[in-house]
Amino acid sequence: MQTNNNCIVIFGASGDLTHRKLIPALYNLFKFGRLNKFSVLGVARSELNDNTFREKMREALLETEETTPETLDAFCSHLYYQAVNTSDAADYGKLVPRLEELHTKYQTNGNTLYYMSTPPSLYGVIPECLAAHGLNEEKDGWKRIIVEKPFGYDEKTAQELDVQIHRFFEEHQIYRIDHYLGKETVQNLLVLRFSNGWFEPLWNRNFIDYVEITGAESIGVEERGGYYDGSGAMRDMFQNHLLQVLAMVAMEPPAIINANSMRDEVAKVMHSLRPLTQDDVEHNLVLGQYTAAEIDGKEVKGYLQEKGVPANSRTETFMALRCEIENWRWAGVPFYVRTGKRLPARVTEIVIHFKTTPHPVFSQNAPENKLIIRIQPDEAISMRFGLKKPGAGFEAKEVSMDFRYADLADEQVLTAYERLLLDAMKGDATLFARTDAVHAAWKFVQPILDYKDAGGRVHEYEAGTWGPVAAEKLIAKSGRVWRKPSGKMKKKV
Ligand code: NDP
Ligand code: BG6
């Protein structure tokens with residue numbers, strides 16, 4: 001029987017992700033009664049102690065969460081801190097007595113969840129340092145390790161990282177986090193597809209004309225210019241989050257709902273992506289970088305003026321790609337995927353464009369049939385189809401049938417980090433990326449990395465627009481246009 005009684009050891013506890021996402025997620029799980037016997041041990045090099053760490057986390061929680069003094073005190077009493085020189089194996093010895101003390105105090109039977117929220121260069125180092133003190137061994141309780149993104153920098157480094165981690169942790173102990181998989185609306189895609197008789201028969205090349213996936217952000221790179229410049233839209237959003245979403249749209253129904261069956265199907269999609277050719281990267285790919293502009297009366301910096309970004313950077317803040325999946329379900333159906341920073345809205349959505357009727361009976365411009373799946377914000381599903389315009393004649397107009405998540409107001413929806421942390425504590429890896437899928441995703445994007453490295457074109461686009469004109473041309477080649485969604489899911493957007 002799996003239990004979520006455990007000690008959560010966060011490496012990188014003085015960093016941004018810890019106070020912005022991890023501690024708030026743990027706080028909410030505690031508040032909702034999902035955590036019982038547990039402690040959190042923060043680890044980093046900074047010389048904090050239990051009290052100063054609690055104080056920092058308390059401040060962070062007061063800023064972002066709805067709290068009461070009692071719940072806040074009760075939660076913070078579970079927080080501890082140990083300063084460790086994270087690149088010195090000997091120093092990890094300090095964790096041994098701390099963990100013993102916490103497991104005894106909270107009766108957590110040695111169950112330990114390690115969370116690597118440090119610079120990625122430490123993802124191979126931390127497992128080795130833990131193993132030097134036997135802290136990876138499962139003889140007294142389970143040991144699991146969550147690895148933050150990015151998992152590698154390309155196919156080769158992802159493989160090397162796997163080898164490094166696998167020396168000390170087995171695959172069933174490794175949880176590669178992709179927070180998009182923790183989003184309720186991404187999981188709902190599977191329920192929508194596989195628990196309703198009416199979508200699945202249409203979900204294939206016979207009825208679907210093309211699929212659009214958009215992961216747009218209105219913010220720029222903010223304070224993360226240094227990190228982002230080594231990453232770019234391709235590594236930051238496309239290789240992980242958007243390819244996982246694409247896999248959820250395209251996968252076959254799993255034989256049963258468990259981690260292996262589900263992840264087998266995801267991996268099959270990644271393996272079925274048609275390899276990108278030189279022609280694809282030259283004609284079916286658009287990379288872009290935002291330039292300065294005025295948005296809503298405010299001056300917005302261009303990417304090259306952002307803090308931490310070299311003045312001659314060629315890093316892309318936008319990418320659009322037309323790709324295909326080579327299998328029986330999807331052969332010949334284009335998937336248009338785009339992502340970017342400083343676009344007009346923050347919106348992640350999938351649009352399934354259905355084929356038109358074989359012959360237009362009423363008018364040449366009959367509305368398209370579309371299913372819009374809004375992942376965020378304003379989570380919703382909208383079916384768009386044509387109905388008769390009242391009055392004389394038989395002209396059709398587009399109407400929509402909408403479902404909004406907000407209508408399920410009585411349901412408590414876990415945020416992505418809440419859901420994923422809880423799953424890892426329960427030993428459920430279903431919503432974590434498996435090694436084969438991660439490698440297949442890197443393999444698929446390698447031609448894009450090569451194209452960039454070889455000096456491939458990075459177009460400019462003005463901040464606050466939908467990316468370079470070249471991206472419009474990319475989809476227009478087949479007579480199609482990108483949807484231009486607003487942040488709000490209005491009746492007709
Ligand atoms: P920060 O730079 O804010 O924090 C890094 C943490 O690592 C600090 O606590 C730092 O503390 C610690 N650390 C330990 N050893 C080292 C070392 N040798 N060099 C530098 N820092 C060290 O990063 P984030 O919290 O933003 O990100 C952590 C990881 O999570 C990164 O890999 C990032 O890619 C990933 N991530 C972050 C997201 C975010 O929104 N922030 C989103 C998705 C992924 P100290 O200096 O005290 O040791
Ligand atoms: C992170 C990226 O993984 O995802 C960020 O590093 C990006 O650059 C973020 O802003 C987007 O996540 P969400 O949940 O806000 O869509």
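Whatever order the structure lists them in is the order used to number ligands and atoms, beginning at 1.
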Glu212 and Arg483 ion-paired at < 4.0 Å: no
Close N or O approach (Thr348, ligand 2; < 3.5 Å): no
Atom indices of ligand 2 within 4.0 angstrom of His241 heavy atoms, with elements: 1 (C), 3 (O), 4 (O)
N/O separation below 3.5 Å, Leu17 to ligand 1: yes
Contact partition for Asp16 relative to ligand 1, non-hydrogen atoms under 4.0 Å: both
Ligand 1 versus Ala13: contacting region, heavy-atom distance under 4.0 Å: backbone
Modelled atom types, side-chain donor and acceptor of His103 and Thr112, under 3.5 Å: yes
Donor-acceptor side-chain pairing of Asn28 and Glu418 below 3.5 angstrom: yes
Over 12 foreign heavy atoms within 6.0 Å of CD, Gln305: yes
CD on Gln173 to OH on Tyr175, rounded to 0.5 Å: 9.0 Å
Atoms in ligand 2 with a heavy atom of Glu217 nearer than 4.0 Å: 7 (C), 10 (O), 11 (C)
Numbered atoms and elements of ligand 2 in range of Lys149, under 4.0 angstrom, heavy atoms: 1 (C), 2 (C), 3 (O), 6 (O)
Whether Phe11 lies under 4.0 Å from ligand 1, heavy atom: no
Option nearest atom 46 (O) of ligand 1 (shortest heavy-atom distance, choices His241, Glu148, Arg45): Arg45
Proximity of Phe151 to ligand 1 by residue part, where a heavy atom lies under 4.0 Å: neither
Polar proximity ligand 1 side, Ser14 side, N/O cut 3.5 Å exclusive: yes
Nearest non-hydrogen partners of Ile325 and Leu273, listed with the distance: CG1-CD2, 4.0 Å
Contact with ligand 1 for Ser87, non-hydrogen, under 4.0 angstrom: no
Heteroatom distance test (Tyr417, ligand 1): nitrogen or oxygen, under 3.5 angstrom: no
Atoms of ligand 2, numbered as shown, that sit under 4.0 Å from any heavy atom of Arg224: 2 (C), 5 (C), 6 (O), 8 (O)
Per-atom contacts of ligand 2 with Lys183, taking only distances under 4.0 Å to non-hydrogen atoms: 13 (P), 14 (O), 16 (O)
Within-shell test, Ala83 vs ligand 1, heavy atom, strictly < 4.0 Å: no
Residue among Met248, Met262, Gln187, Arg419 satisfying side chain to side chain contact (heavy atoms under 4.5 Å, CB included) with Leu181: Met248
Arg20 near ligand 1 by a heavy-atom separation under 4.0 Å: yes
Pair Gln446, Asp450: side-chain N/O donor-acceptor within cut-off below 3.5 Å: yes
Salt-bridge criterion met for Asp50 and Arg98 (N-O under 4.0 Å): yes
Numbered atoms and elements of ligand 2 in range of Lys341, under 4.0 angstrom, heavy atoms: 5 (C), 7 (C), 8 (O), 10 (O)
Among Gly12, Pro120, Ser117, Ser231, closest by any non-hydrogen atom to atom 12 (C) of ligand 1: Gly12
Presence of salt bridge, Arg434 and Asp264, under 4.0 angstrom: yes
Minimum-distance protein heavy atom relative to atom 35 (C) of ligand 1: Lys149 O, 3.3 Å
For ligand 2, the portion of Tyr228 having any non-hydrogen atom under 4.0 Å away: neither
Salt-bridge present (Lys484, Glu472; N to O < 4.0 Å): yes
Donor-acceptor side-chain pairing of Tyr115 and Glu148 below 3.5 angstrom: yes
Ion pair check, Asp16 and Lys21, cut-off under 4.0 Å: no
Ligand 1 to Tyr227 polar contact by distance, N or O atoms, under 3.5 Å: no
Protein non-hydrogen atom found under 4.0 Å from atom 2 (O) of ligand 1: no
Short N or O distance, Thr18 and ligand 1, threshold 3.5 Å exclusive: no
Among Pro119, Ala44, Gly15, closest by any non-hydrogen atom to atom 7 (O) of ligand 1: Pro119
Note: Glu223-Lys307 ion pair, threshold 4.0 Å (strictly below): yes
Residues Arg176, Asp162: salt bridge by 4.0 Å N-O rule: yes
